[in-house]
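Just follow the structure's listing: the first ligand is 1, and inside any ligand the first atom is 1.
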Amino acid sequence: MTAEVAAPMIKAAAVNKYFGDLHVLREITLEVPRGQVVVVLGPSGSGKSTLCRAINRLEPINSGEIAVDGVPLPAEGKALAALRADVGMVFQSFNLFAHKTIVENVMLAPVRVRKVGQAEARKTAMELLERVGIANQADKYPAQLSGGQQQRVAIARALAMRPKVMLFDEPTSALDPEMVQEVLDVMTGLAKDGMTMLVVTHEMGFARRAADRVIFMADGEIVEDTTPEEFFTAPKSERAKDFLGKIL
Ligand code: ADP
Ligand code: MG
C-alpha cells in the first residue's frame, strides 16, 4: 500500500469558527485518509454539525484551512461549486422535492449541475436506487415512501454527484426506530465499498461495527480521536466518560 503518499481525503488544520462571541470550532485539526469511516460523537451543541457544514463550505470558517482530496476549499465561486460536488451530504431531514418522482429527485443535480444528459442521468439514478434497495419505487413521489426509504433516496441523490467523500449528519435521528437499520445497512454497504465517510450519529452499534475511528467532540474541541474499541472500553477524558455514562 502506498496510502502514506496520497493526500488525506479530508484535511482540516487549525479550524476556528465563531457564531458571534460563541467559539464553536476550536483549533480543529483532523485528517481522514481515503476510505476511512470516521464516526463523530459528542453531546448536543458540541459543534458536530458545524464541522460537517464547514467541510462542505456551507458554513464559512474564521481561520484555518480545509482541503478535500488535497485541494483547499476556496471560499466561493465556481471552484467552490465544483469542490462541493466532491462532498456528498446527508442530513437528518431528507428534503426531497415533493413534486418530483424518486428517480427525478436523484437525476436533478447531475442534470443541472454536472450537465449530464437525461438518459444517462436516469440510468445512473436507477443504478443508485438499486444500490439503496428502492429501484421498484422509482416512479413514486416522496410522500408515498416511508421515512427510511426517503432517507435511502437522499443517500442515492448524494451519490449521484459522484462524491469522493460522504458526510452524514444524524441521518437516522428523525426516523422511527424500525427504519433506522435499513439506513444504517446502506451506509455500511457504502463503507465496505471503500467510501470515505464522516458520520455524526447516536447509533453506538453502528459506531462500534462500522467505524475505523471515533472522534469525540465537546465544546467545539476534538477531545478524543481513537479506535471504537478504545473509545467504548477505555475512554480517557472525563467528558467522554460522562457522555458514555449517559447514553450506554
Ligand atoms: P451539534 O451538531 O454538536 O449539536 P452544532 O454544530 O449544531 O452542534 O452547534 C454548535 C454550537 O453552535 C451550539 O452552541 C449552537 O447553538 C451554535 N450554533 C449552531 N448554528 C448556529 C447559528 N447558525 N447561529 C448561531 N449559533 C449557532
Ligand atoms: Mg448537530
What protein heavy atom is closest to [atom], reported as residue, atom name and distance in Å?
atom: atom 20 (N) of ligand 1; result: Phe19 CE1, 3.4 Å
atom: atom 10 (C) of ligand 1; result: Gly45 O, 3.4 Å
atom: atom 7 (O) of ligand 1; result: Ser49 CB, 3.7 Å
atom: atom 5 (P) of ligand 1; result: Thr50 OG1, 3.6 Å
atom: atom 15 (C) of ligand 1; result: Leu22 CD2, 4.6 Å
atom: atom 3 (O) of ligand 1; result: Lys48 NZ, 2.7 Å
atom: atom 8 (O) of ligand 1; result: Gly47 N, 3.2 Å

| Within the structure, does at least one protein heavy atom fall under 4.0 Å of atom 22 (C) of ligand 1? |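 Answer yes: something from the protein, a heavy atom, is under 4.0 Å.
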Is there a donor in the side chain of [X] and an acceptor in the side chain of [Y], or the other way round, less than 3.5 Å apart?
X: Thr101; Y: Asp139; value: no
X: Thr50; Y: Glu59; value: no
X: Asp169; Y: Gln92; value: no

| query | For ligand 1, is there an atom lying under 4.0 Å from some heavy atom of Ser44? | reply |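 True for this residue.
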| Are Pro43 and ligand 1 in contact, using a heavy-atom cut-off of under 4.0 Å? |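 Pro43 counts as a contact of ligand 1 under the 4.0 Å cut-off.
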| message | Between Ser49 and the Mg ion (ligand 2), is there a contact where an N/O/S atom of the residue lies under 2.8 Å from the metal? | response |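 Given the 2.8 Å cut-off, Ser49 counts as a ligand of the Mg ion (ligand 2).
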| request: Is it possible for you to say whether Met217 and Tyr18 belong to one hydrophobic cluster, with membership spreading through side-chain heavy-atom contacts below 4.5 Å? | output: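 No: no chain of side-chain contacts under 4.5 Å links Met217 to Tyr18.
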| Region of Val24 that comes within reach of ligand 1 [heavy atoms, distance under 4.0 Å] |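 Answer for Val24: side chain.
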| field | Reported CG-to-OG1 distance for the pair Asp86 and Thr196, which is rounded to 0.5 angstrom | value |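 The OG1 atom of Thr196 is 11.0 Å from CG of Asp86, to the nearest 0.5 Å.
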| field | Euclidean distance, Ile66 CD1 relative to Lys11 NZ, rounded to 0.5 Å | value |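 Between Lys11 NZ and Ile66 CD1, I get 12.0 Å after rounding to 0.5 Å.
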| Pi-cation contact, Phe243 with Lys246 (under 6.0 Å, within 45°) |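 Lys246 over Phe243 ring: no.
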| request: Decide whether a cation-pi geometry holds between Arg239 and Phe216; the criteria are a distance under 6.0 Å from NZ or CZ to the six-membered ring centre and an angle within 45° of the ring axis. | output: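 Judged by the rule, Arg239 and Phe216 form no cation-pi pair.
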| request: Using distance alone, determine whether Glu59 and ligand 1 share an N or O pair under 3.5 Å. | output: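 For ligand 1, there is no N or O atom that lies under 3.5 Å from one belonging to Glu59.
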| query | Which of the atoms in ligand 1, numbered in the order shown and given with their element, are less than 4.0 Å from a heavy-atom of Ser46? | reply |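 Once the distances to Ser46 are compared, the set is 1 (P), 3 (O), 8 (O).
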| message | Minimum heavy-atom separation for Met195 and Leu159, please, with both atom names. | response |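 The answer is CE-CD2, 3.8 Å.
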